[in-house]
**Q** 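Structure below; questions to follow.
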Amino acid sequence: MSNSVERTDVLVIGSGFGGSIAAYHLAAGGAKVTVLERGPWLQTEDFEHDYKLGSSYTRAFDFTVGDGMSILGGNCVGGGSVVYFAAMPRAPRFVFDRHGSIGRRMWPESVSRATLDPWYDRVEESLSVTKQDWSDVTYAGGLWAAACNSAGRTANPLAAAVDNSKCVNCNWMMAGCRFEAKQSLLVNYLPAALAHGAEIRPLHEVQYIARTQEGDYRVHYDLVHEEDYRIHVGTGEIEAKIIVIAAGAGATPVILQRSEAHLGTMPHAVGRYFSGNGERLNTAIINEDKAAELLGLDRGDGLAYAANQIGKGPTVASWDRLDGSLPEYSRYSLEQLYFPPGLGTILAQVPDATGPTWFGAEKKEILKRWTSWLTIFTMIEDDNEGVFGPPPATGNAHRISQQMLGRGNLRYDPTPNTLGAWDKSDAEVKEILEKDGLAKVMPWTNDLVGAYTVHPLSSCRIGDDPHTSALDDRNELRGHPGIFVTDGSAVPGALTVNPANTIAALAERAVPGIVRAAQEKGVAVTYGAPAPDGSRSGRKGVLPLLPTLTR
């Protein structure tokens with residue numbers, strides 16, 4: 001064996017929630033940790049308030065168009081946390097008892113809302129998650145809450161990882177936060193990992209994993225050009241005793257598929273059971289006069305609303321349908337969401353159109369009133385219909401443009417269960433917002449890029465059944481000891497709420513098992529670091545749980 005091959009104790013693939021959390025705890029525990037991130041490393045001053053091509057917006061996103069489903073995800077150091085809206089609700093209790101498409105409980109028996117709550121606590125301490133007050137909500141959130149109230153529904157402010165003392169309501173959260181108000185991983189777990197000696201390497205795209213003669217793993221990567229992601233400017237490999245894959249639910253299964261020729265047979269569930277978190281978007285075009293008359297809204301300048309561009313991401317949600325006594329596929333949340341001009345304006349359809357619904361003269365007319373749009377984000381229970389085909393030659397997709405856009409190998413054909421759940425949620429959005437002429441509502445079109453998700457899940461999920469889950473209940477890849485998956489692909493199914501908190505909590509829960517596996521491989525590492533800022537209450541809550549996770 002060549003002595004030139006680089007070595008590390010733990011190799012982490014991806015630097016989003018799953019990767020950053022693992023990197024911090026393992027580095028703090030004494031392991032040598034190397035993080036390979038496909039995207040660039042953007043600093044606070046790099047986040048531009050512009051959606052032009054080549055800005056931080058296109059550099060930091062990965063938009064992969066599949067067959068029936070498109071995925072919008074993060075592509076930078078910090079992953080999805082850099083571009084997320086910081087909504088951090090916990091998953092409802094009934095989610096963990098869902099049967100979904102397999103006809104029996106899809107989550108491991110050891111994971112429930114009760115057993116995950118201490119790990120949620122750890123995340124919320126580390127990311128300074130707080131429930132927003134009504135004084136924190138945006139114009140759009142206030143309008144949605146008032147409309148829900150007028151229609152006899154309830155609405156609540158969302159829990160969020162936002163420091164409101166720093167937030168300037170610029171509404172550029174999707175392009176990265178210039179003010180470090182949004183608690184992305186760039187301001188907590190990642191700097192703490194670096195402080196403990198972890199190394200982060202941007203523009204390193206992992207292609208496949210192989211096994212060494214000693215029983216460790218060798219990761220093969222390409223170096224990505226800093227401006228044109230279609231160009232690879234070098235290759236390399238690095239050996240590690242433990243691999244943590246956190247490349248996202250649209251890329252993690254592709255890496256494992258490509259690794260099968262080198263590692264041996266992958267679990268049946270790798271690249272299957274993908275969920276888009278049941279997501280769907282509706283656009284309401286608000287009648288300003290009706291908003292003033294019906295809801296009593298007044299901005300003080302003669303307008304009731306016309307404020308789409310002022311504020312931040314989601315601040316208010318309606319959870320009336322998150323009732324565990326309701327049958328599966330009839331439970332969903334409705335959340336006000338700011339989506340910036342660009343994709344949102346392209347995919348929005350014209351209510352009551354006589355011609356084309358998403359382009360043409362009628363679309364041009366409603367675009368003139370875009371400041372009076374309200375976007376409602378729906379998260380239903382889907383059927384985990386997504387399946388990944390053979391992997392592309394490199395990366396997770398065939399790169400079409402210099403940045404951001406690719407064609408992937410995901411096939412998604414929604415079942416009647418999923419379609420029916422979308423229909424129910426669409427009808428309720430319409431009922432709430434069209435009451436008494438307040439607005440006109442239409443869902444985004446699926447004709448252009450299929451269904452779409454900003455929260456891909458479940459393509460390498462945890463579970464108790466080896467046939468329907470790629471990972472055991474400690475996030476270890478079945479049949480491949482020492483390889484763990486800690487990103488959204490490990491979440492078994494749609495959550496009916498924003499998934500960041502649950503992804504992060506599951507990653508926190510996986511760390512003790514990863515530490516034990518590393519110890520068994522001879523790595524001098526321990527578990528027990530406090531939160532990145534030194535807070536210790538979350539650690540105190542999980543230490544009694546360690547025996548069940550390090551068996």
Side-chain angles (χ1 to χ4, degrees), residues 2-8 10-16 19-20 23 32-43 45-48 52-65 71 73-80 82-83 175-176 186 190 193-194 198-210 212 217-240 243-248 250-259 261-262 390-409:
S2 170
N3 291 325
S4 63
V5 176
E6 213 180 337
R7 290 176 176 81
T8 190
V10 180
L11 193 286
V12 179
I13 303 170
S15 60
S20 294
K32 181 181 180 182
V33 177
T34 305
V35 181
L36 302 185
E37 166 57 51
R38 178 184 63 187
W41 196 338
L42 301 174
Q43 308 298 324
E45 58 272 16
D46 295 324
F47 298 133
E48 301 169 70
K52 66 185 178 185
L53 295 177
S55 70
S56 60
Y57 172 63
T58 52
R59 293 175 67 197
F61 270 110
D62 181 47
F63 186 64
T64 304
V65 180
I71 300 172
N75 180 54
C76 56
V77 173
V82 173
V83 295
L186 297 176
L190 283 174
L194 289 169
E199 185 180 359
I200 301 171
R201 301 183 186 178
L203 301 170
H204 283 58
E205 183 177 70
V206 170
Q207 302 303 331
Y208 66 91
I209 305 165
T212 68
Y217 294 101
R218 182 178 293 183
V219 172
H220 297 254
Y221 60 83
D222 289 349
L223 300 173
V224 178
H225 190 276
E226 64 179 352
E227 290 186 1
D228 191 338
Y229 300 163
R230 297 168 297 185
I231 299 173
H232 291 167
V233 296
T235 62
E237 50 192 47
I238 183 169
E239 290 183 2
I243 305 293
V244 178
I245 310 179
T252 288
V254 182
I255 292 171
L256 290 174
Q257 286 176 325
R258 198 180 288 117
S259 301
H262 309 275
T394 62
N396 67 308
H398 171 66
R399 292 280 143 216
I400 295 172
S401 65
Q402 182 172 310
Q403 295 168 8
M404 193 165 146
L405 183 61
R407 176 74 188 185
N409 63 342

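Quick caveat, the model's predicted, so the values are computed rather than measured.
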**Q** Any sub-3.5 Å donor-acceptor pair from K32's side-chain atoms to R7's backbone N or O?
**A**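 Yes.
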**Q** Using every non-hydrogen atom in the two residues, find where Q207 and H232 come nearest and quote the distance to one decimal.
**A**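 For Q207 versus H232, the nearest heavy atoms are NE2-CE1, 4.0 Å.
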**Q** Residues in ring-ring contact (aromatic ring centres under 6.0 Å, His included) with H220, at least two apart?
**A**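 Result, ring-ring contact (aromatic ring centres under 6.0 Å, His included) vs H220: Y208.
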**Q** Looking at R201 and T34, what are the two nearest heavy atoms and their distance?
**A**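 Looking at all heavy atoms of both residues, the closest pair is NE-CG2, 3.9 Å.
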**Q** If I take atom CD1 from residue I243 and atom CD1 from residue I13, how far apart are they, to the nearest 0.5 angstrom?
**A**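 Going from the CD1 atom of I243 to the CD1 atom of I13 covers 5.5 Å.
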**Q** I need the N75 CG to Y229 OH distance, nearest 0.5 Å.
**A**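 Reported value, rounded in 0.5 Å steps: 5.5 Å.
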**Q** Any donor and acceptor pair, going by atom type alone, linking the side chain of T235 with main-chain N or O of D222 inside 3.5 Å?
**A**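 Answer holds: no.
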**Q** Answer yes if the side chains of N396 and D62 hold a donor-acceptor pair under 3.5 Å, and no otherwise.
**A**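 A donor-acceptor contact under 3.5 Å links the two side chains.
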**Q** If only atom types and distance count, is the side chain of E205 paired as donor or acceptor with the main-chain N or O of V224 below 3.5 Å?
**A**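 Between the backbone of V224 and the side chain of E205 there is no qualifying donor-acceptor contact (under 3.5 Å).
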**Q** Measure the spacing between CG of L42 and CD of E48 and express it to the nearest 0.5 Å.
**A**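 Going from the CG atom of L42 to the CD atom of E48 covers 9.0 Å.
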**Q** Measuring from L11:CG to H204:NE2, what's the distance to the nearest 0.5 Å?
**A**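 Output value for this atom pair is 10.0 Å.
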**Q** How would you list, by chain and number, every residue that makes a side chain to side chain donor-acceptor pair (under 3.5 Å) with R59, sequence neighbours excluded?
**A**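 Residues passing side chain to side chain donor-acceptor pair (under 3.5 Å) with R59: none at all.
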**Q** To the nearest 0.5 angstrom, please state how far the CD atom of E226 sits from the CD atom of Q403.
**A**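 The CD atom of Q403 is 10.0 Å from CD of E226, to the nearest 0.5 Å.
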**Q** Where the side chain of Q43 meets the backbone of E45, is there a donor-acceptor pair that is under 3.5 Å apart?
**A**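 Absent.
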**Q** Which atoms form the tightest heavy-atom contact between G250 and I71, and what is the distance?
**A**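 Looking at all heavy atoms of both residues, the shortest contact is CA-CD1, 4.0 Å.
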**Q** Grab the two heavy atoms, one from P392 and one from N409, that are nearest each other, plus how far apart they are.
**A**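 Shortest heavy-atom contact: CD-ND2, 4.1 Å.
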**Q** Using only atom types and a distance under 3.5 Å, with no angle test, would you say the side chain of S259 pairs donor to acceptor with the backbone of I209?
**A**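 Checking the backbone N and O of I209 against the side chain of S259, a donor-acceptor pair under 3.5 Å is found.
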**Q** Are any side-chain N or O atoms of R399 and backbone N or O atoms of I231, one a donor and one an acceptor, separated by less than 3.5 Å?
**A**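 A pair under 3.5 Å: no.
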**Q** Between S20, P202, C76, which is the residue that forms a side-chain contact (heavy atoms from CB on, under 4.5 Å) with S15?
**A**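 Result for side-chain contact (heavy atoms from CB on, under 4.5 Å) with S15: S20.
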**Q** Between D228 (side chain only) and H225 (backbone N and O only), is there a donor and an acceptor less than 3.5 Å apart?
**A**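 The answer is no, because no donor-acceptor pair under 3.5 Å joins these two groups.
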**Q** Please report the interatomic distance CD1(I400) to CZ(R230), rounded to the nearest 0.5 Å.
**A**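 Interatomic distance, I400 CD1 to R230 CZ, rounded to 0.5 Å: 10.0 Å.
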